[in-house]
Amino acid sequence: ISGPRYQWRRLDGLGRTMDGEVPRSSATLPNEVKCVVKFWRKLASSADNPNIRDKRNPRTGDASYISVTFCDFSGSRIRTVVAKTGGAPAGNIECWVEIPFEIASGDVVRPDGAISITRRGKRWTALVEVKTDRTKLGVDQLETYLDVCKSEKFDALISISNQFSPIPGVHPVVVNRRKIQSVELHHLSWNAVLTDAVLQHEHRGVSDPDQAWILSELIHYLEHPSSGAMHFDDMGSSWVAVRDGARNGTLRENDPGVVDVVATWEELTRYLSLTLGRTLGADVQQVLSRREREDYGLRRSQLTRELAVNASLSSTYRVPNSVGDIVVSADLKAKMVAASISLSAPREGRPRTRLNWLIRQLGRAPDNTRIDTSFEGTRRTTSELLGRLREDPDKGLDEHRSNAPRAFRIALSADMGIKKGSGTGSFIGSVTDILDECYGTIVQNLKAWAPRAPRLPKLNPEESIDVNDPEVDVDV
């Protein structure tokens, strides 16, 4: 399906083949397209349909076929999200499903899809491999498809699954580096596709009514439990042992499962940034140093050391136009999760006035919010709960009451869930809740201090100017 007109290719996932062009209408979609979308919605609403994800019976419809083809249907933003991830130029896009390729062993392999983008006589091509539910991408399969890309002179291989990239640009599956010297390897999570769809449909808007309607169908499908596009709901099989070892102080960096828990934490970090961004309609990013972006091994070794030595895990999020970055941490020994943000204090006013400036902005924050204050001219700090500061702001100042606050750190903490799954009492649920509560009650209400604009001196009544006096020459 490509360009301003729908170019139909093989739609094996629907059990039919159509060739030729179907013209678009400015007001409504062609009946053929409507029938296909209604068929998809019917599949998505059939929660008890055992064949919705059965790849052995393509005529019943497979979630991977539907989702990949649906992404191409969606126009402006979703049509190019895969292309942008793969570094391809924006242009006319064509998609195919299940193209057979013969490999060196004589076997025939069928990647789930292929994408071709053409612009100004140049063509960029990529194979697409899709997994749904808990099915993981396999190293052998990816390396086989990388070999196909190399032999067929494809530019990239793109994978889509419920696995999360630990950081943007890093594939969740480690493959032989020699395989990706001449072929790019990129990954998208279904959550990332859904987030991009919601941002475009709900927050940025789609001018074309046809594309807006189809995009809403994509969102409806991906949000349904039967679509196979799952939420993050499991900390992995190593979680319990690593959690208990960290709590008992017996955990070491080289213990089995430590690397797996660290990798899962990074996936959870990516999931939370996407979920919060989808809710806010903003591009929420995980904060990493330049060295960590260039060398993911450095980031993973730092987290591993933090977990083994301090029995804690942490991540940092950046929301556009917020006063600062949000730091989320989990203390496995104390069984507490926390979210915090730091901001500078006003540069003018008395010490109590500067502290009251912050307290007034925290009207919706709970009383158990902790405020740590650092001061000018001393290393001493204070720490007090917001509820007590509301009663007596002087409790947040130093003992002399004369040193002005220099910076504040506002933190919210809660009991940590211990279950490895999702829902009530789970670790994932407690981390998600503390981030959402911190942003909703604290971060979104904070404004950075700015000095007042200079004011003109007041004129004496005798020197005032009457601009309505015709004898007075006033430049406007």
Side-chain angles (χ1 to χ4, degrees), residues 1-2 9-10 12 55 64-65 67-69 71-72 78-132 135-193 196 263 266-267 270 292-297 299-300:
I1 307 159
S2 64
R9 300 297 183 187
R10 296 180 57 221
D12 294 351
K55 299 186 74 170
S64 62
Y65 295 126
S67 299
V68 170
T69 310
C71 285
D72 184 62
I78 297 301
R79 275 180 68 230
T80 59
V81 64
V82 174
K84 287 187 176 182
T85 301
N92 292 328
I93 183 171
E94 294 179 281
C95 294
W96 294 264
V97 294
E98 285 209 328
I99 302 176
F101 295 96
E102 184 175 348
I103 58 178
S105 63
D107 296 331
V108 176
V109 296
R110 292 177 179 269
D112 288 321
I115 296 175
S116 174
I117 301 176
T118 306
R119 183 179 184 182
R120 297 176 181 176
K122 294 183 179 181
R123 182 180 295 271
W124 182 92
T125 53
L127 290 181
V128 180
E129 177 59 23
V130 176
K131 302 294 183 185
T132 57
T135 307
K136 302 289 186 180
L137 295 163
V139 177
D140 293 340
Q141 186 181 42
L142 290 179
E143 291 186 348
T144 299
Y145 290 164
L146 285 170
D147 291 338
V148 171
C149 288
K150 182 178 180 180
S151 62
E152 299 292 334
K153 300 187 184 306
F154 277 48
D155 297 281
L157 170 63
I158 300 171
S159 60
I160 307 175
S161 74
N162 285 309
Q163 295 164 268
F164 291 84
S165 299
I167 62 175
V170 175
H171 201 280
V173 179
V174 180
V175 300
N176 190 330
R177 291 188 176 183
R178 292 179 296 179
K179 302 284 186 179
I180 55 178
Q181 289 180 348
S182 58
V183 179
E184 300 172 7
L185 177 62
H186 302 280
H187 179 73
L188 281 172
S189 67
W190 283 120
N191 197 274
V193 174
D196 208 84
E266 285 292 86
E267 289 188 12
R270 182 65 177 153
E292 289 174 336
R293 289 187 178 276
E294 294 174 351
D295 182 9
Y296 174 64
R299 167 69 177 169
R300 179 159 291 186

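The figures here come from the full heavy-atom set of this structure, side chains too, leaving out hydrogens, waters and symmetry mates. One-based numbering along the sequence shown.
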Can you give me the closest heavy-atom contact between Val128 and Leu157, atom names plus distance? N-CD1, 4.5 Å
Residues in side chain to side chain contact (heavy atoms under 4.5 Å, CB included) contact with Arg120, at least two apart in sequence or another chain: none
Main-chain N/O of Ser159 paired to His187 side chain as donor or acceptor, under 3.5 Å: yes
With sequence neighbours excluded, what pairs up with Glu267 under the side-chain hydrogen bond (donor to acceptor under 3.5 Å, both in side chains) test? none
Test item: Val130 and Trp190 side chains (from C-beta on) under 4.5 Å apart, heavy atoms: yes
Taking side-chain hydrogen bond (donor to acceptor under 3.5 Å, both in side chains) as the test, write out the residues that go with Asp140, two or more places apart. none
Taking the side chain as C-beta and beyond, is there a heavy-atom pair between Asn162 and Lys131 under 4.5 Å? no
Arg270 CZ to Glu266 CD distance, which is reported to the nearest 0.5 Å: 11.0 Å
Qualifying residues under side-chain hydrogen bond (donor to acceptor under 3.5 Å, both in side chains), relative to Ser161, sequence neighbours excluded: Gln163
Distance check, rounded to the nearest 0.5 Å: Lys179 atom NZ versus Leu142 atom CG? 11.5 Å
Pairing donors with acceptors under 3.5 angstrom, does anything connect the side chains of Asp107 and Ser105? yes
Atom pair CG (Leu127) and CG (Asp112), whose distance is rounded to the nearest 0.5 Å: 10.0 Å
Write down the atom of Cys149, the atom of Ala156, and the distance for their closest heavy-atom approach. SG-O, 3.6 Å
Taken in chain and number order and not counting sequence neighbours, the residues that satisfy side chain to side chain contact (heavy atoms under 4.5 Å, CB included) with Thr118 are Ser116, Arg123
Might you point out which heavy atoms bring Pro111 and Phe101 nearest each other, and give the distance in Å? CD-CD1, 3.7 Å
State, yes or no, whether a side-chain contact exists between Phe154 and Val148 at a heavy-atom distance under 4.5 Å. no
Please enumerate all residues that pass side chain to side chain contact (heavy atoms under 4.5 Å, CB included) together with Ile180, with sequence neighbours excluded. Leu146, Val175, Leu185
With a 4.5 Å limit on heavy-atom distance, are the side chains of Val139 and Glu143 in contact? yes
Gap separating the NE2 atom of His171 from the CD1 atom of Ile158, nearest 0.5 angstrom: 10.0 Å
Among residues at least two apart in sequence or on other chains, which ones pass side chain to side chain contact (heavy atoms under 4.5 Å, CB included) with Asp295? Leu298
Restricting to pairs with a member in residues 150-159, which pass salt bridge (Lys or Arg N to Asp or Glu O under 4.0 Å), not counting sequence neighbours? none
